Amino acid sequence: MIVKGTYFQNSEENPLVYGDVEINNIPRRRLRGEEEKEGVIAESVLVGFCGTDYTLMNMGREGKLKPKFPEGCNRLINGHEGVVWVPSQERFAIVLIRGGNSYDPTRYTEEETYFEYGCDQADGLFSDKNYYNPDMLLKIPDGYVKDGKISLNLCKKLVFSDPYACMIFQRERMEDIGEAQNFRVKMAQYKCSEEEARKIAKKETFDRVCIFGLGTTGMFIGDLIRQKYPEAKIVFVARSEENSPKVAFALKQAGASYVRSAFDTKEELADAIKEKLGGTATVFIGSSGAAIEHEIAFQYGVLGCNGIYNSFSLGPEITVDTMPFGFKNQVIFGSINFRQDHMEEAIQILQNSCYDEIVELIDKDEFTEDPIDAYENKIYAKGAPMKTAVIWNEKYVDRER
């Protein structure tokens, strides 16, 4: 089937193209042990832009996209955040992005396979319509559809279902690791049982949280930590002016403090972070995409003994001096996944959020006329909104709600 859409390809001059593209109904498996199912058609309604899209475009410029292409294709239709309409079922849905021949797509092994709609080996939402495994079209909350149209405000909120689900997973992983890392210390400190010590260790993992980088993912993990651990001390670190709307919104959502990364030396920045935290970080979350993250955490001592370094950035290399690293008993982990239950939880939380306030729309014609220019000079340019989305099909959207 031929549809209109944007797609990535390996090309120095044209890594992102809008035009006719052929979509194929490739049978896919949601989880290991389940049968492969042919996809059902879903029409894109509203689609959000993610930093991953920008990274993929640059990979195309460098000729590195081949492993990302669907089988038998030399291109990838991008887009993994948004709302779709399923004509055969007469309902709106959120696409569960990650699946494959694995028991748990958050922890696939070398013998297992995975795919991600719009990101890796499967076409995504930036097309008029596409095929999706019917078990991966998740229900939206009731009450937001009227006369065949869905509330624009809800669509704006649900555009964050994928990254918010990722952050629910990140919090879960930090809880698991923090509990296992420090429960024996807490048994000795509090003279308590292992069961009680594990509860204490999990909670105290979030005593002092440094989130380095203030995109939406950084903001979301701060928000989620605050929801479950209201006594946590959370400090965001970023380059934006403290009085900028982005910073003000994030600090309010997460109940956090802020350190602007505008010091003459890294040592001064590290000292300012530790002062704001009231000590060294029990958790350091890197989400800025910059190499300075690991330097501040390890070389300049912001991450404390027995602490966790959660690498959520894509691109930077992490190096440590193994002598102090070993004696400080620190943990480094990285994982960018989520399960279906994470996304279902994200959908329920987001419907009652105010995150629609930070989503701005780009006109579809403006985007499709020159998508590369839109990426570089509007969507991902300096001063761009925290989140940009496009209404792909106006007939399904109620702009008044």
Side-chain angles (χ1 to χ4, degrees), residues 48-55 81 159-174 205-206 208-229 232-242 244-262 269-270 272-273 276-277 281-297 302-303 307-316 318 332-338 342 346 349-350 353-355 357-359 380 382-388:
F49 299 89
C50 173
T52 301
D53 297 317
Y54 191 68
T55 300
E81 301 178 350
V159 81
F160 293 116
S161 299
D162 175 284
Y164 207 81
C166 285
M167 293 304 103
I168 292 173
F169 173 68
Q170 294 296 318
R171 186 183 65 185
E172 178 185 272
R173 287 287 283 141
M174 288 186 285
T205 294
F206 302 100
R208 295 179 300 280
V209 180
C210 176
I211 302 173
F212 206 98
L214 194 48
T216 52
T217 52
M219 178 173 60
F220 291 159
I221 192 62
D223 177 10
L224 283 161
I225 290 171
R226 174 65 64 208
Q227 287 180 35
K228 195 166 182 180
Y229 302 97
K233 184 169 285 187
I234 302 170
V235 173
F236 287 116
V237 183
R239 293 176 296 179
S240 301
E241 296 278 357
E242 188 163 1
S244 70
K246 177 175 82 169
V247 173
F249 184 89
L251 297 186
K252 180 181 178 182
Q253 281 299 110
S257 301
Y258 186 67
V259 172
R260 187 182 179 208
S261 181
L269 172 59
I273 296 170
K276 191 73 75 169
L277 281 171
T282 50
V283 168
F284 189 106
I285 300 169
S287 65
S288 73
I292 189 177
E293 292 173 353
H294 72 94
E295 296 173 344
I296 293 297
V302 169
L303 182 63
I308 297 171
Y309 185 95
N310 181 351
S311 174
F312 195 70
S313 292
L314 293 176
I318 298 173
I332 299 174
F333 88 96
S335 193
I336 306 172
N337 304 310
F338 58 88
H342 294 140
I349 295 173
L350 287 168
S353 75
C354 58
Y355 282 121
E357 297 177 14
I358 59 171
V359 180
Y380 301 107
K382 184 177 181 180
M386 285 191 77
K387 191 68 171 183
T388 304

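On a predicted model such as this, the values are computed, not experimentally measured, just so you know. Positions are given from 1 along the sequence.
Between the side chain of Ser257 and the backbone N or O of Val235 there is no donor-acceptor pair closer than 3.5 Å. Between the side chain of Arg226 and the backbone N or O of Ala232, at least one donor-acceptor pair lies under 3.5 Å. Within the 3.5 Å criterion, the main-chain N or O of Ile349 finds no donor-acceptor partner in the side chain of Ser353. Counting only distance, with no hydrogens or angles, the side chain of Tyr380 and the backbone of Cys50 share a donor-acceptor pair below 3.5 Å. A donor-acceptor pair is defined here as one N or O able to donate and one able to accept, closer than 3.5 Å; no such pair exists between the side chain of Ser261 and the backbone of Arg239. At least one donor-acceptor pair closer than 3.5 Å links the side chain of Tyr258 to the backbone N or O of Ala238.
With sequence neighbours left out, Glu357 forms a side-chain hydrogen bond (donor to acceptor under 3.5 Å, both in side chains) with no residue at all. Remark: Arg173 engages Arg107, Phe169, Ile177, Phe333 in a side-chain contact (heavy atoms from CB on, under 4.5 Å) (not counting sequence neighbours). With sequence neighbours excluded, the residues forming a salt bridge (charged side-chain N to carboxylate O under 4.0 Å, His left out) with Lys228 are Glu175, listed by chain and number. Qualifying salt bridge (charged side-chain N to carboxylate O under 4.0 Å, His left out) partners for Lys387, counting only residues two or more places apart in sequence or in other chains: Glu81.
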For this session: Go through the steps for Asn310 and Ile221 under the test side-chain contact (heavy atoms from CB on, under 4.5 Å), then give the verdict.
Result: CA-CA 11 Å; Asn310 181 351; Ile221 192 62; 5.8 Å; no
For this session: Give the C-alpha distance, both sets of side-chain angles, the deciding distance and a yes or no for side-chain contact (heavy atoms from CB on, under 4.5 Å) between Val283 and Ile225.
Result: CA-CA 11 Å; Val283 168; Ile225 290 171; 5.8 Å; no
For this session: List the steps, then state whether side-chain contact (heavy atoms from CB on, under 4.5 Å) holds for Ile296 with Phe284.
Result: CA-CA 10 Å; Ile296 293 297; Phe284 189 106; 4.1 Å; yes
For this session: Applying side-chain contact (heavy atoms from CB on, under 4.5 Å), run through Leu350 and Tyr355 and close with a yes or a no.
Result: CA-CA 7 Å; Leu350 287 168; Tyr355 282 121; 3.8 Å; yes
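Expressed to the nearest 0.5 Å, how far CD1 of Ile308 lies from CD1 of Ile285 amounts to 9.5 Å. Atom CG of Leu277 is separated from atom SG of Cys210 by 6.0 Å, given to the nearest 0.5 angstrom. The distance from the NZ atom of Lys246 to the CG atom of Leu251 is 11.0 Å, given to the nearest 0.5 Å. We find the CZ-OG distance between Phe312 and Ser287 to be 8.0 Å, quoted to the nearest 0.5 Å. Rounding to the nearest 0.5 Å gives a distance of 11.5 Å between CZ of Arg260 and CG of Leu269. In this structure, Phe212 CZ and Leu303 CG are separated by 13.0 Å, a value rounded to the nearest 0.5 Å.
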Contacts table for residues 159-168: side-chain donor-acceptor under 3.5 angstrom, sequence neighbours left out:
{"residue": "Ser161", "atom": "OG", "partner": "Leu158", "partner atom": "O", "Å": "2.7"}
{"residue": "Tyr164", "atom": "OH", "partner": "Asp223", "partner atom": "OD2", "Å": "3.3"}
{"residue": "Tyr164", "atom": "OH", "partner": "Gln227", "partner atom": "NE2", "Å": "3.0"}

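Among residues at least two apart or in separate chains, salt bridge (Lys or Arg N to Asp or Glu O under 4.0 Å) pairs with a member in residues 284-296 are Lys266-Glu295.
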